[in-house]
Amino acid sequence: MLVAPSWSEVGHSECIYSSYRDLISRQSETQQMEVLKEKVEEEEEAERAEQAERAERAKKMMRPMEVRKEDTTRTQEMLRDLERKLSEIEVSIPEKPSTFTKDAIDTSKLPLSYQSNTPKEEHLLQVADNFSRQYSHLCPDRVPLFLYPVNECSVPKFVSTTIRPTLMPYPELYNWDTCAQFVSDFLSAVPLPDPLKPPSYLYSSTTVLKYQEGNCFDFSTLLCSMLLGAGYDAYCVYGYGSQDLCHMDLTREVCPLTVKPKEMVKEEEKAPPKKYAVKPPRDLTSRFEREQEIKRQEGVKAEEEKRLKQGERLAEQESAKTDPLHGLRVHSWVLVLSGKREVPESFFIDPFTARSYSTQDDHFLGIESLWNHKNYWVNMQDCWNCCKDLVFDLGDPVRWEYLLLETDKPLLSLTEEEDDGMNDDDDVENLGKEDEDKSFDMPCSWVEQIEISPEGTKILEIKEWFQNRKDMLELKHINKVTGLNIDYFKPGHPQALRAHSYTSMQPEMDRVMEFYETARVDGLIKREETPRTMTEYYQGRPDLLSYRHVNFGPRIKKLSLNSAESNPRPVVLRHSLPTSHPTHVLACQKITERFSRNPAKPADEDVAERVFLLLDERIQLRYHCREDHLTASKREFLWRTEGDSKGNKIIMTPDMCLSFEVEPMEHTKKLLYQYEAMMKLKNEEKLARHQAWESELEVLEILKLREEEEAAHVLTISIYDTKRNEKSKEYREAMERMMLEEHLWQAEAQLDYLAPFLAQLPPGEKLTRWQAVRLKDECLSDFKQRLIDKANLIQARFEKVLPGPWQGRGPQRPQPENGPRAVCSPSQTCEGLIGAGGGCQCLGCPDDRVVLPHTCSLGGRVDGGREGVVGGWMEPYNSS
């Protein structure tokens with residue numbers, strides 16, 4: 001059974017608990033005090049130890065000084081000698097860096113607008129002076145405005161008239177980034193005389209371009225003039241910047257070369273679903289949950305990155321020295337407002353570094369005023385939070401106080417009370433008169449047209465890009481300072497060139513040739529050449545050769561200019577030419593070859609480097625190093641001629657082979673092995689010299705080919721370009737000519753009766769007599785058969801049209817005296833004669849002219865007879 005405690009018991013327990021807490025808190029405080037005391041004692045002991053060490057070091061340093069003072073007692077003569085020597089030393093005082101002042105400017109050749117003011121400009125200066133005095137009276141705590149500094153001729157000019165909007169005739173200077181980069185690269189920055197005040201002068205942009213120097217205000221004026229000419233809504237800003245911004249210090253900025261460009265992920269085109277494809281199983285997971293999970297992960301990642309950036313920034317701020325002039329350094333930059341040229345958001349441009357910044361950036365600490373070629377505005381907003389809270393609505397007179405009434409910025413609409421108060425006619429008239437009195441147009445700029453000409457500039461590099469060249473030249477890079485030319489080729493060059501760097505196309509000069517190794521049989525990648533050396537690099541060779549270096553001797557004078565002898569430093573084989581030949585002198589002195597590791601061989605037998613010392617008649621070998629060894633085996637052969645002066649053969653001796661074996665107990669090479677290796681190396685030496693000679697010839701061929709290609713530029717024309725492709729045009733015309741000839745031949749073949757019979761014989765062969773007779777018989781028999789077919793067709797149609805008895809039709813003709821007479825009838829065989837007049841001799845036939853084969857009107861048919869006989873007998877014909 002539970003009993004509820006009384007109120008007195010509860011109060012007592014609370015008192016116990018409170019006293020217990022106090023006791024625990026006192027114990028913890030005492031413990032903390034003890035820990036602090038221990039820490040303080042440890043720090044004091046460490047300081048004492050450091051002071052003791054410093055004292056000992058100071059004593060040690062003082063002892064040798066005392067000894068030196070005692071030992072080096074200088075006399076008066078020594079001091080005089082030392083004074084004389086010191087007086088002879090010339091100390092060069094470093095010159096003060098040149099500053100861009102008006103004393104260095106030749107003002108005699110400047111136009112009249114630079115040396116004086118027009119009445120309109122004088123009026124504008126009076127208005128500006130009145131505005132400045134009113135501003136100083138209303139805002140005594142603000143610094144004076146930057147309104148009318150003097151120019152290079154010591155003439156005061158209003159800052160807005162110093163801006164000359166100019167559109168440059170170069171397409172590269174049409175965008176803001178290229179204009180800013182040009183100003184940053186072309187001009188040299190000069191610091192302000194006083195970092196806390198604006199300059200008392202502002203030179204014209206033409207003078208700044210001529211001398212290529214200026215301060216931040218000169219930079220901003222030139223850049224603003226170029227941007228206004230290009231169509232941007234740009235303004236020069238007078239304000240305050242950070243120390244890094246004023247000193248062009250970008251050490252805290254991220255290097256743009258290290259920023260990787262964002263890769264554009266191409267969305268794969270999904271294939272249209274097939275009608276009868278099997279549908280995938282339905283996804284039963286929640287899409288909302290997946291999206292929320294992705295958002296959560298992105299948020300966590302963003303927070304972590306933000307925290308890391310904040311930590312890095314705090315660390316940099318702590319490590320960096322605090323600027324004592326923070327917020328007081330005067331600087332000038334350019335403001336580009338959104339609207340024109342499709343600028344989505346306003347931003348700042350630092351003319352020193354050509355970098356763009358957001359209007360919320362911490363480098364920009366405040367703005368005093370800004371201006372363009374039409375008006376001048378004073379910032380009336382508080383810059384306690386730098387420029388982050390500024391509103392760049394220049395039509396708001398509360399935030400921006402303007403100098404001239406006529407401004408292209410729309411003013412804010414007036415309130416209803418102000419509208420009601422201005423309804424009176426008198427007020428309207430007075431207001432109009434006041435506006436007329438106060439209105440003032442900005443005079444034209446006194447600066448001449450800004451021109452950027454190539455005169456006075458020095459060309460350092462030239463890059464030329466090519467297309468559709470037969471020699472596959474893609475890019476030519478010319479360095480005017482060093483004279484180095486680099487040609488880049490696309491795949492497909494006859495010599496498989498990738499790049500060719502040279503200073504001259506003459507042989508025996510410094511050059512580097514790179515090749516497409518996959519297009520070459522020997523796997524050559526690069527060839528470096530100097531007047532005395534040639535180095536080649538290989539890859540993917542079956543003999544694992546990766547490097548060959550050839551040292552040449554002095555140049556050999558040539559008698560002939562053949563392709564093989566025009567090489568100024570040929571590699572001549574030792575026994576290939578007679579002694580009397582003028583090129584028998586050995587030009588190649590040393591050949592070095594290196595090989596990659598062959599895993600199929602032991603390291604002690606796999607040659608890593610092979611050196612042929614031709615003048616010393618030696619061959620040096622260095623083998624690959626084992627994995628568990630630091631040194632590699634070496635071997636050197638001293639080879640001699642095979643016979644002496646009497647013709648006796650020289651026997652291989654042990655002193656002709658010097659070797660260093662890493663493991664001498666494992667490999668004991670006999671003399672026969674060494675002799676065979678030396679003979680093999682002699683053959684390899686001949687081959688290496690021959691390959692070096694071929695390489696020199698190849699260099700000459702490439703140089704000759706490049707000269708021909710540069711002399712006559714040949715373009716490759718697509719086969720589909722029928723107008724400019726001469727080969728395609730000739731081929732097309734030849735095909736059309738052949739088609740026309742074939743068409744004509746077919747037309748003639750249709751009229752040629754012998755064509756079907758001649759097609760059976762082999763073409764291009766002469767006919768024999770037997771073939772000609774057989775061809776004649778076949779042709780006649782075919783012709784006869786066609787005539788019979790025609791006659792049968794006529795007979796069938798005739799019987800169809802005229803049926804009935806055939807006897808007694810037509811008058812009967814007399815029979816010839818010299819031949820029998822026959823009566824033609826369809827039902828019997830008839831015979832007839834052809835009379836002398838060519839008529840049918842059948843009884844009762846009225847035909848006067850007969851052409852064999854003949855079918856008379858009575859139905860008889862005469863197939864043939866004896867030709868050339870008048871009144872010849874007709875062949876019998878069975879009419880049935």
Side-chain angles (χ1 to χ4, degrees), residues 163 165 167 172-184 216 219-242 244-245 250 252-256 259-262 264 298-299 302 305-306 309-310 313 331-402 407-412:
I163 297 176
L167 176 61
E172 295 83 2
L173 300 179
Y174 188 63
N175 296 324
W176 71 265
D177 52 349
T178 52
C179 291
Q181 194 65 44
F182 167 77
V183 173
S184 176
C216 55
F219 275 63
S220 300
T221 302
L222 175 58
L223 180 57
C224 187
S225 301
M226 297 174 65
L227 294 180
L228 287 172
Y232 288 96
D233 192 8
Y235 301 85
C236 290
V237 181
Y238 157 44
Y240 305 95
S242 63
D244 295 343
L245 187 68
L250 299 178
R252 302 182 188 278
E253 302 292 336
V254 179
C255 180
V259 178
K260 296 182 180 180
K262 295 182 179 180
M264 300 297 293
E298 292 178 353
E305 291 179 355
K306 186 177 180 180
K309 289 182 179 179
Q310 288 179 354
R313 187 177 301 175
H331 191 61
S332 178
W333 62 91
V334 176
L335 166 66
V336 179
L337 294 182
S338 59
K340 293 185 179 181
R341 287 294 302 270
E342 299 180 357
V343 177
E345 187 178 0
S346 303
F347 62 93
F348 293 145
I349 302 176
D350 181 25
F352 277 168
T353 58
R355 294 171 64 92
S356 63
Y357 296 89
S358 172
T359 56
Q360 311 291 325
D361 197 273
D362 296 332
H363 288 293
F364 305 92
L365 307 179
I367 295 177
E368 287 288 347
S369 60
L370 55 87
W371 63 91
N372 63 357
H373 63 297
K374 292 183 179 181
N375 209 338
Y376 188 94
W377 291 268
V378 180
N379 179 29
M380 306 303 295
Q381 305 173 67
D382 192 2
C383 297
W384 67 273
N385 194 18
C386 301
C387 299
K388 298 179 180 179
D389 298 335
L390 296 185
V391 179
F392 294 97
D393 183 9
L394 302 183
D396 187 356
V398 177
R399 293 186 174 93
W400 297 95
E401 184 68 32
Y402 52 85
T407 175
D408 56 349
K409 299 300 176 183
L411 300 178
L412 293 179

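FYI, the numbering just counts along the sequence from 1. FYI, side chains are in, hydrogens and waters are out, and symmetry mates aren't considered; it's all heavy atoms of this structure. None of the values given here were measured: they were computed from a predicted structure.
The residue from Tyr235, Tyr232, Phe364, Trp176 that alone fulfils the ring pair (Phe, Tyr, Trp, His ring centres under 6.0 Å) condition with Phe347 is Trp176.
Heavy atoms only, all atoms of each residue included: Ala234 and Leu227 are closest at CB-CB, 3.8 Å. The shortest heavy-atom contact between Phe182 and Leu173 is CB-CD2, 3.9 Å. Shortest non-hydrogen contact noted between Ile367 and Cys387 is CG1-SG, 3.9 Å. Taking both residues in full, the closest heavy atoms of Glu401 and Pro397 are given as OE1-O, 3.8 Å, listed atom of the first, atom of the second, then distance.
Side-chain contact check for Tyr174 versus Leu167: some heavy-atom pair is nearer than 4.5 Å. Cys224 is listed as a side-chain neighbour of Leu228, based on a closest heavy-atom distance under 4.5 Å. Side-chain contact check for Phe348 versus His363: every heavy-atom pair is 4.5 Å or farther apart. Put simply, the side chain of Asp362 reaches to within 4.5 Å of the side chain of Lys388, judged on heavy atoms.
For the atom pair CZ of Arg355 and CD1 of Ile349, the computed distance is 13.0 Å after rounding to the nearest 0.5 Å. Separating the OG atom in Ser225 from the NE2 atom in His373 is a distance of 9.5 Å, to the nearest 0.5 Å. With values rounded to the nearest 0.5 angstrom, Trp400 atom CH2 is found 10.0 Å from Asp393 atom CG. One finds the CG atom of Asp244 at 11.0 Å from the OG1 atom of Thr353 (value rounded to the nearest 0.5 Å). Atom CZ in Arg399 sits 10.0 Å away from atom CG in Leu390 (nearest 0.5 Å). We find the CG-OG distance between Asp177 and Ser356 to be 8.5 Å, quoted to the nearest 0.5 Å.
Annotation: Glu305, atom CD; neighbour count of heavy atoms from other residues, nucleotides and ligands within 6.0 Å is above 12.
Shown here are the salt bridge (Lys or Arg N to Asp or Glu O under 4.0 Å) partners of Asp389, two or more places apart in sequence or in another chain: there are none.
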Distance-only donor-acceptor hits, side chain of residues 331-338, under 3.5 Å, sequence neighbours excluded:
unit_1: His331; atom_1: NE2; unit_2: Asp350; atom_2: OD1; d: 3.2
unit_1: Ser332; atom_1: OG; unit_2: Ser220; atom_2: OG; d: 3.1
unit_1: Ser332; atom_1: OG; unit_2: Val237; atom_2: O; d: 2.9

